[in-house]
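These notes concern the structure reproduced below.
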Amino acid sequence: MRLTILGGGGFRVPLVHRALLDDARRDAPGRVTELVLFDTDSMRARVIRSVLTAQAEGVPGAPSVRVADDLDDALRGTDFVFSAIRVGGTAGRVRDERIALGEGVLGQETVGAGGVLYGMRTVPVALDIAQRVAELAPDAWVINFTNPAGMVTEAMSAVLGDRVIGICDSPVGLVRRAARAAGADPDRVEYDYVGLNHLGWLRRLTLDGRDLLPGLLGDGEALASFEEGKLFGADWLRALEALPNEYLQYYYFRRETLRATSDAEHTRGEYLDRQQGDFFSRAAGAPERAYELWERARLEREETYGAASRAASGGWQRDSCDLEGGGYERVALALMRAVARDERARLILNVRNMGTVPEIDREAIVETVCEVGAKGARPLPCAPLRADQLGLMLQLKAVERAVIEAAVSRDRGAALRALALHPLVDSPAVAARILERAGA
């Protein structure tokens, strides 16, 4: 089976490869035997290939790795496509973040003004990819990693329908941390999770039919033992009667997070731009050390993840179990295996709503629990949303759709609406200045 990774020079590609090697060691049926990388930056693709070569040393049956010459070459004959592109690179992210902060609003990569600008830049490229997949590999499945994952998946679904599925590692990470805090095996629990990408809530966590969430919410010590409990605090979690996705920190604690982000010496984008630039530069000059340099940079990246949010909630270090990196690659490969082998699985994915949340358009992409098999992912029914949850979802879905409209039609009015209606941008005048500074 052939897997193509678009954005194959991405820093996290070795995590996907690492999971593929686990399949090779087990000689798993239907495993990936050929991995094709494509990246618009050929130097980065070559460096990542060096990392993969070192990582696969001594693993019998490791998939062959090839760097494609162009997009069409990468897509022809493939079975699965992982789309993990970053339009504008880390430099684009830096610019998005600084433009937003310059207007006194949050500009995280996928949230707020930064997410809107990133989406407008990315959607046209994602649509071009979807068209090429439809023409060259119509039977392939596209698993979208590209952020902002919800709106990019929704744009691509207009071309590919249900054959594009978006993924994120935040929901599964939340479920596993909550299960451990409640004293349960994460692999045995069932759960109710619903929302949009980077805007969702874990509302039930059951083991053998018993809901563990009320007991967890009532146990202050258990709540303080994992990331979301520390981020949001016991009082607020009890008031919500749910566990929010970590990205809701930007909405619920906007002032504190904005202050911590503004006070930081560097934005997250600036940190990653410097760190990744240094890694690729050094690894390109010493390919025999590429894996060692990558592993060192990966650990540093994980240790500093979410630093502004942690600073806004009192300052604390990440748990050692959260420093392994990845998570998203395990979701992606579980999804791929379920489709390729028709192995039934339940995963939290970004798929078309199809009535799961009746108040939202059936064709809109939501993030929720799905049953996966050879025919793809089917969203499962969920309990009704609380008014505060539904209100945020409706507002952010309007923003996402305005971004897609602006990107497709180059409509400034839609772009202005997307920014001004975002809960983290408090003024149409601010939105207009952000558009002007971005040259949108």
Side-chain angles (χ1 to χ4, degrees), residues 1-6 15-16 19-20 22-23 26 28-32 78-84 130 133 137-146 149-150 152-154 156-157 159-176 179 185-198 200-206 245 326-357 360 362-383:
M1 190 165 67
R2 180 186 298 174
L3 168 63
T4 294
I5 300 182
L6 306 181
L15 296 173
V16 175
L20 295 177
D22 289 340
D23 273 2
R26 294 185 291 107
R31 59 186 175 82
V32 170
T78 198
D79 299 293
F80 285 87
V81 177
F82 287 1
S83 181
V133 171
D139 295 327
W141 291 86
V142 176
I143 300 178
N144 179 54
F145 298 66
T146 300
V152 170
T153 302
E154 183 154 336
M156 296 181 83
S157 72
V159 178
L160 298 172
D162 292 330
R163 296 192 80 85
V164 58
I165 300 168
I167 68 162
C168 181
D169 57 350
S170 290
V172 68
L174 168 59
V175 170
R176 297 186 72 82
D185 180 350
D187 294 324
R188 292 188 58 210
V189 296
E190 296 185 355
Y191 38 85
D192 176 337
Y193 181 98
V194 69
L196 305 179
N197 181 239
H198 291 179
W201 298 265
L202 177 61
R203 305 178 307 156
R204 193 174 68 249
L205 184 71
T206 61
N245 183 293
Y328 85 115
E329 77 282 355
R330 289 191 287 270
V331 179
L333 291 178
L335 170 57
M336 185 176 68
R337 291 173 187 133
V339 173
R341 306 172 192 170
D342 197 20
E343 295 177 354
R344 298 289 169 169
R346 286 198 174 186
L347 301 168
I348 300 172
L349 302 168
N350 286 264
V351 296
R352 291 199 279 191
N353 178 36
M354 304 307 292
T356 302
V357 181
I360 292 179
R362 290 176 59 85
E363 299 299 309
I365 295 294
V366 297
E367 188 170 79
T368 193
V369 184
C370 299
E371 186 173 273
V372 188
K375 295 182 179 180
R378 177 178 63 88
L380 298 176
C382 70

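Keep in mind it's a predicted model, so treat the numbers as computed, not measured.
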Q) Residues in side-chain hydrogen bond (donor to acceptor under 3.5 Å, both in side chains) with Asp342, at least two apart? A) none
Q. Does the Asn353 side chain pair with the main chain of Ile360, one donor and one acceptor, at a distance under 3.5 Å?
A. yes
Using a 3.5 Å cut-off and no angle test, enumerate the donor-acceptor pairs between side-chain atoms of residues 370-383 and protein atoms at least two apart in sequence or in another chain.
unit_1, atom_1, unit_2, atom_2, d
Glu371, OE2, Arg378, NH2, 3.2

Q) Any chance CZ of Arg26 has more than 12 other-residue heavy atoms, nucleotides or ligands included, within less than 6.0 Å? A) yes
**Q.** Close side-chain approach of Val172 to Ile348, heavy-atom, < 4.5 Å
**A.** no
Q: Run through Ile165, Thr356, Thr153 and flag the one making a side-chain contact (heavy atoms from CB on, under 4.5 Å) with Val351.
A: Ile165
Q.
Ignoring hydrogens, what is the shortest heavy-atom contact between Leu333 and Val16? Give both atom names and the distance.
A. CD1-O, 4.0 Å
Q: Quick one: pull up CG in Leu347 and CZ in Arg330 and give me the separation to the nearest 0.5 Å.
A: 12.5 Å
Q | Verdict with supporting geometry, Met336 and Val32, side chain to side chain contact (heavy atoms under 4.5 Å, CB included) | A | CA-CA 10 Å; Met336 185 176 68; Val32 170; 3.6 Å; yes
Q: Indicate yes or no: does Arg337 engage Asp22 in a salt bridge with an N to O separation below 4.0 Å.
A: no
Q.
Is any side-chain heavy atom of Leu20 closer than 4.5 Å to one of Leu3?
A. yes
Q) Is it true that Asp187 and Arg176 make a salt bridge, defined as a side-chain N closer than 4.0 Å to a carboxylate O? A) yes
Q. What are the two closest heavy atoms between Cys168 and Asn197, and how far apart are they?
A. CB-ND2, 3.4 Å
(Q) On a heavy-atom basis, which atom in Tyr328 and which in Ile167 lie closest, and how many Å separate them? (A) O-CD1, 3.4 Å
Q | Shortest non-hydrogen contact from Pro171 toward Glu367 | A | CG-OE1, 3.3 Å
Q | Set of residues satisfying side-chain contact (heavy atoms from CB on, under 4.5 Å) with respect to Arg204, sequence neighbours excluded | A | Asp192, Thr206, Asp211
Q) Which atom pair, heavy atoms only, marks the closest approach of Ala179 to Pro186? A) CB-CA, 3.8 Å
**Q.** Thr78: side-chain hydrogen bond (donor to acceptor under 3.5 Å, both in side chains) partners, not counting sequence neighbours
**A.** Thr4
Q | Closest heavy-atom pair and its distance - Met1, Gly30 | A | CE-O, 3.2 Å
Q.
Taking side-chain hydrogen bond (donor to acceptor under 3.5 Å, both in side chains) as the definition, give me every residue that meets it alongside Glu363, ordered by chain and number, with sequence neighbours left out.
A. Arg352
Q) Can you check whether Trp141 reaches Leu335 side chain to side chain, under 4.5 Å on heavy atoms? A) no
Q | Non-neighbouring partners of Phe82 that pass ring-ring contact (aromatic ring centres under 6.0 Å, His included), sequence neighbours left out | A | Phe145
**Q.** Val194 backbone acceptor or donor facing Arg203 side chain under 3.5 Å
**A.** no
(Q) Using modelled atom types and a 3.5 Å cut-off, is there a donor and acceptor pairing between side-chain atoms of Ser170 and backbone atoms of Asn245? (A) no
Q. Could you walk me through whether Tyr193 and Leu174 pass the side chain to side chain contact (heavy atoms under 4.5 Å, CB included) check?
A. CA-CA 10 Å; Tyr193 181 98; Leu174 168 59; 4.1 Å; yes
